[in-house]
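My questions all concern the structure below.
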Amino acid sequence: MTTDMKKASSEVLANADAVAMRMAELLIDAIETCPEQKARIALSGGSTPKRLFEILAQPDMAKKIDWSRVEIFYGDERHVPVTHDDSNHKMAQSLLLSKVSLPASQIHPMPTSSSAKEDAANYQSILQKSYGSDTLEPGRPLFDVVMLGLGTDGHTASLFPGEEVLDNDRDWVSISAPKTAPHDRLTLTYKAIQSSRLVVFLITGENKVTMLKRLKQADDTIPSGRIKSDGKILILSDRAAAGEG
């Protein structure tokens, strides 16, 4: 059964650190219980994932994960070199991926060395190779976990308001060129995100109060409100974002 935002669950935690720790627990559980040989995880950027990566890199946490069973992907990426400070992959690589025993062949950054359109097509091919099919199959999700954030304009991944990608129901990966944010982007489409066992929103900070309310109301006039999953959707927020402190 498909889960939309109307059916999403939510948890309010004390602060951003607590949100990151809860996400770490969810990832550990998802990897342990993955029915396939490898768990495919789509990471996101932002301040809360940064703290998550720091937590998972700690030796006592890292040893709880069989990294040989993990494949890392990304929900979106700015179309900048991997050495750029705005690169989601650079942050994940420096804080986590370089510190754990994860084979390099199982880390899949979004390519950014060709045109954005070519790089989107290349990343879709990488996903299809990992999945073992060029088409998404009912009952066999592409991702075990997709991590998402929430922008103050209601965007998630790089699904920004008004962008053509919002209506792309063909591709798994597409491009986005938001006028309200720096850099062109590559992003998973709604179709790819939906093919998941678990989608988790990580939302922290008092500047997210208004949009978090709209997200929980399943407001489909904002891009994040249109997210679906073939599994479950969970919203993790801190008390500040929930307007509770």
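Along the sequence shown, the residues carry numbers beginning at 1.
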Q) Does any N or O in the side chain of Asp171 come within less than 3.5 Å of the main-chain N or O of Ser174, such that one atom is a donor and the other an acceptor? A)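 No; zero donor-acceptor contacts below 3.5 Å.
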
Q. In terms of heavy-atom contacts, does NZ of Lys99 have more than 12 from other residues, nucleotides or ligands at under 6.0 Å?
A.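 Check fails, neighbour count at 12 or below.
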
Q: Could you check whether the rings of Trp172 and Tyr131 sit parallel, tilted or perpendicular, using 30° and 60° as the cut-offs?
A: perpendicular

Q: Please say whether more than 12 non-hydrogen atoms of neighbouring residues, nucleotides or ligands are located less than 6.0 Å from NZ in Lys50.
A: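 Not more than 12 within 6.0 Å, no.
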
Q | Identified side chain to side chain contact (heavy atoms under 4.5 Å, CB included) partner of Thr156 from the options Leu148, Asp76, Val146 | A | Leu148

Q: Would you give the length of the straight line joining atom CG of Leu198 to atom NZ of Lys232, rounded to the nearest 0.5 angstrom?
A: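 Going from CG on Leu198 over to NZ on Lys232, the span is 8.0 Å.
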
Q.
Treating Arg239 as the side-chain partner and Glu244 as the backbone partner, does any N or O pair qualify as donor plus acceptor under 3.5 Å?
A. yes

Q: Kindly check if the number of other-residue, nucleotide or ligand heavy atoms within 6.0 Å of NZ (Lys90) is above 12?
A: yes

Q) So which heavy atom on Leu96 is nearest to which on Ala57, and how close? A)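 Scanning both residues completely, I find the closest heavy atoms to be CD1-N, 3.7 Å.
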
Q | Tyr190-Val165 co-clustered via ILVMFWY side chain contacts under 4.5 Å | A |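 Both belong to a single hydrophobic cluster.
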
Q: May I ask you to test the His89-Met110 pair for a side-chain heavy-atom distance under 4.5 Å?
A: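 Contact flag for His89/Met110 side chains = no.
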
Q. Within the side chain of Ser195, is there an N or O that forms a donor-acceptor pair under 3.5 Å with the backbone of Leu136?
A.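 Not confirmed, Ser195 side chain does not pair with Leu136 backbone.
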
Q: Check the angle between the aromatic planes of Phe160 and His155 and answer parallel, tilted or perpendicular using the 30° and 60° thresholds.
A: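 Phe160 and His155: parallel rings.
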
Q: Check whether any side-chain N or O of Asp238 sits under 3.5 Å from a backbone N or O of Gly205 as a donor-acceptor pair, and report yes or no.
A: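 At least one qualifying donor-acceptor pair exists.
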
Q.
Looking at every heavy atom in both Leu102 and Val70, which two are closest together, and how far apart are they?
A. CD1-O, 3.4 Å

Q) Ser130 side chain to Leu127 main-chain N or O, any donor-acceptor pair under 3.5 Å? A)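 Not at all, since once roles are kept as given, no pair shorter than 3.5 Å links the two residues.
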
Q. Is it true that a side-chain atom of Gln194 and a backbone atom of Asp230 form a donor plus acceptor pair closer than 3.5 Å?
A.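 It does not hold such a pair.
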
Q: Report the residue from Val100, Leu97, Leu27 that forms a side chain to side chain contact (heavy atoms under 4.5 Å, CB included) with Leu56.
A: Leu27

Q: Could you tell me which non-hydrogen atom of Val199 sits nearest to which non-hydrogen atom of Ser229, and how far apart they are?
A: CG2-CB, 3.8 Å

Q.
If I take atom CG from residue Asp17 and atom OG1 from residue Thr204, how far apart are they, to the nearest 0.5 angstrom?
A. 10.0 Å

